[in-house]
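This report refers to the structure that appears directly beneath it.
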Amino acid sequence: MKKFIGFFLAVLMIILSSVSAFGYYSEAEGYSTEVEDYDYYQKFQGQGIEIDVCNWGEYVANDSVNFLDVNEDFEKLTGIKVNYTLFASNEELYTKLKSGGASYDIIVPSDYMIGKMISEGMIQKLDFDNIPNYKYIDEKYKNTNFDPNNEYSVPMYWGVVGIIYNTTMVDEEDLTGWNILWNEKYADNMLMFSNSRDAFALSLLDLGYDFNTTDEMEIEEAAGHLRAQKPLVQAYVMDEIYDKMEGGEAAVAPYYNGDAVLMMDVNEDLNFFLPDNTSIFIDSFCIPEGAKNKEAAEMYINYMCESTVAAANSYYVGYSTPHIGALELLDEELVENEIAYPDEEFIASLDALLTLPVETTTLTDALWTDIMAQGSNSVIFQAVFLIIVIIIYIIYKIVTAHIKKKRMSYY
């Protein structure tokens, strides 16, 4: 994730400085956002409570100098210290929790990973009496396929997967669907997701299959499709996409619409294409089993669902918000941006990635590992061969030097 959009930042700063309904600065308390129930947030003042939060990189507003640092603001408002760490992928977060090597009070996984964690007893049910601002979450993002009874998660952002491309390097007539990611014209100028779930989803979509399929033959075919793609791929990326696309180092890549908006703001040559067959994603607040401070964690979630805070986060990060109160505070130009907020009828037609059965996940992971290892033997061989050549050359120089020295001794 990267920084906020300059234009929207300017608009937001005007709003903040005018002490409007968006927010205000309380000199006495030191916090900056408007909250509905100030007294609610005073329960843990002076108790030395800390919460451990693990989130995606740059996923909340965190510029206290020019904008707003919501974690710092929460600390001033509540007296609760926030220990904030990052993860780069759902799989990394899962591994951290599953291995027992890390303990958190709040995590923000994506849809399919939430479903997986629920099924494995890794996250716990929320007490929504402690999250009254849940009422502001749009009904469209509740009763999801990964949390059908709205017991374990509170949506933070949503978005769709599409194709970001450089208009100076891509022929727009090639943008007919996901097949551009298999177009040899863009060999070595193409980026691809570095995680198996997203990569297989795109391969299955391009083949005309359901990205939540459990059919082994379809998954095997998708793996073959990814193997055929690999020689065309410059790099497998997640956050690294920013530097590459913004810097003009690659022509085309699949990624999320919120990030596309931010990258397009940095490089005016970039644009975003949304195929008809794609997926919606929802990233949500959850509380892991074993959390040390569950009620304080629920207070943090409620704070993030304050209209002013949710709007600030959405402005800063660039992702679409499911919060109806925040939407009313966002700039009209942003809300009407078809990339950030695609047509509602289109969004309603999309599904999210589901948690797949263990046998399907095991198969997919094994196939992905094999795909990533493809070609590695030749690289190793070349490296070993080069080392051998260097050693032979060094021996040759030593021997010839010795012979020359020996010959010179005869004179």
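Everything quoted here is computed from the prediction, not taken from an experiment.
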* Asked: Does Trp178 reach the main-chain N or O of Pro275 with its side chain, forming a donor-acceptor pair under 3.5 Å?
  -> no
* Asked: Cut-off 3.5 Å, side chains only: do Asn62 and Tyr316 have a donor facing an acceptor?
  -> yes
* Supply the atom-to-atom distance Leu205 CG to Phe200 CZ, rounded to the nearest 0.5 angstrom. => 13.0 Å
* Asked: Does some side-chain heavy atom of Val170 sit less than 4.5 Å from a side-chain heavy atom of Tyr186?
  -> yes
* Asked: If only atom types and distance count, is the side chain of Ser314 paired as donor or acceptor with the main-chain N or O of Ala311 below 3.5 Å?
  -> no
* Pairing of Lys185 and Asp171 as salt bridge, 4.0 angstrom limit -> yes
* Looking at Tyr104, does the NZ or CZ of Lys292 lie under 6.0 angstrom from its six-membered ring centre and within 45 degrees of the ring axis? -> no
* To do: Measure from the side-chain N and O atoms of Asn90 to the backbone N and O of Ser110, and report whether any donor-acceptor pair falls under 3.5 Å.
  => yes
* If you measure only the distance, is there a donor-acceptor pair under 3.5 Å linking the side chains of Ser153 and Asp147? -> yes
* Would a 4.5 Å heavy-atom cut-off, applied to side chains only, mark Val60 and Val317 as touching? -> no
* Asked: Looking only at side chains, do Asn302 and Tyr41 share a donor and an acceptor under 3.5 Å apart?
  -> yes
* Just wondering, do Leu181 and Gln229 contact through their side chains at under 4.5 Å, heavy atoms? -> yes
* **Option passing side chain to side chain donor-acceptor pair (under 3.5 Å) with Asp283 (candidates Tyr319, Tyr256, Trp158, Tyr59)** => Tyr59
* Asked: With a distance cut-off below 6.0 Å to the six-membered ring centre and an angular limit of 45° from the axis, does Lys96 pair with Phe87 as a cation-pi contact?
  -> no
* To do: Would you check if Asp365 and Thr362 make a side-chain contact, meaning some heavy-atom pair closer than 4.5 Å?
  => no
* To do: Could you walk me through whether Tyr303 and Asp73 pass side chain to side chain donor-acceptor pair (under 3.5 Å), step by step?
  => CA-CA 10 Å; Tyr303 168 81; Asp73 194 66; 2.7 Å; yes
* Starting at SG of Cys286, measure out to CD1 of Ile301 and round the result to the nearest 0.5 Å. => 7.5 Å
* Answer yes or no: is there an ion pair linking Lys43 with Glu295, defined by an N-O contact shorter than 4.0 Å? => yes
* Would one find more than 12 heavy atoms of other residues, nucleotides or ligands at under 6.0 Å from atom CD of Glu344? -> no
* Hey, what do you get for CD (Glu184) to CE (Met190), rounding to the nearest 0.5 Å? -> 9.0 Å
* **Sidechain-backbone polar pair: Thr360 side chain, Leu356 backbone, donor-acceptor under 3.5 Å** => no
* Pair Tyr209-Glu221, side chain to side chain donor-acceptor pair (under 3.5 Å): steps then yes or no -> CA-CA 10 Å; Tyr209 298 135; Glu221 187 178 347; 2.7 Å; yes
* To do: Indicate yes or no for a side-chain donor-acceptor contact from Glu306 to the backbone of Glu36 under 3.5 Å, with no hydrogens or angles considered.
  => yes
* Is the closest side-chain donor-acceptor distance between Glu34 and Thr308 under 3.5 Å? -> no
* To do: For side chain to side chain contact (heavy atoms under 4.5 Å, CB included), just list the numbers for Lys116 and Tyr94, CA-CA rounded to whole Å, side-chain angles, deciding distance to a tenth of an Å, and then say yes or no.
  => CA-CA 9 Å; Lys116 180 178 177 67; Tyr94 174 83; 3.4 Å; yes
* Would you call Lys81 and Glu50 a salt bridge, using N to O less than 4.0 angstrom? -> no
* Asked: For the atom pair CG (Leu97) and SG (Cys54), what is the distance rounded to the nearest 0.5 Å?
  -> 7.5 Å
* To do: Determine, using ring centers only, whether Phe74 and Tyr300 are less than 6.0 Å apart.
  => yes
* Side chains of Leu350 and Ser279: does their closest heavy-atom pair fall under 4.5 Å? -> no
* **Ring centres under 6.0 angstrom apart (Tyr112, Phe146)** => no
* Sidechain-backbone polar pair: Asn271 side chain, Tyr165 backbone, donor-acceptor under 3.5 Å -> no
* To do: Measure the CG-CD distance between Leu367 and Glu220 for me, rounded to the nearest 0.5 Å.
  => 5.0 Å
* Asked: Without hydrogens or angle criteria, can the side chains of Tyr84 and Asp52 be said to hold a donor-acceptor pair below 3.5 Å?
  -> no
* Side chains of Val160 and Ile347 in contact at under 4.5 Å (non-hydrogen atoms) -> yes
* Asked: Any side-chain heavy-atom pair from Pro288 and Ser103 closer than 4.5 angstrom?
  -> no
* To do: Give a yes or no answer on whether the side chain of Asp69 reaches the backbone of Glu72 with a donor-acceptor pair at less than 3.5 Å.
  => yes
* To do: Show your working on side chain to side chain contact (heavy atoms under 4.5 Å, CB included) between Lys98 and Glu120 and close with a plain yes or no.
  => CA-CA 10 Å; Lys98 197 69 174 178; Glu120 296 184 20; 2.8 Å; yes
* Scan side-chain atoms only and decide if His225 and Asp206 contain a donor-acceptor pair under the 3.5 Å cut-off. => yes
* Asked: Would you find a donor on one side and an acceptor on the other, under 3.5 Å apart, between the side chain of Lys244 and the backbone of Leu191?
  -> no
* Are the side chain of Glu92 and the backbone of Ala88 linked by a donor-acceptor contact shorter than 3.5 Å? -> yes
* CG (Asn143) with more than 12 external heavy atoms under 6.0 Å -> yes
* Rounded to the nearest 0.5 Å, what's the gap from NZ on Lys76 to OG1 on Thr33? Could you check? => 10.5 Å
* **Worked check of side chain to side chain contact (heavy atoms under 4.5 Å, CB included) between Phe211 and Asp351** => CA-CA 9 Å; Phe211 50 69; Asp351 290 323; 4.0 Å; yes
* **Polar side chain donor-acceptor pair, Thr213 to Asp215, under 3.5 angstrom** => no
* Asked: Are Lys142 and Tyr134 close enough, and set up right, to give a side chain to side chain contact (heavy atoms under 4.5 Å, CB included), and what steps lead you there?
  -> CA-CA 10 Å; Lys142 296 179 180 179; Tyr134 182 68; 3.5 Å; yes
* Output yes when a side-chain donor or acceptor of Lys294 lies under 3.5 Å from a complementary backbone atom of Asp105, and no otherwise. => no
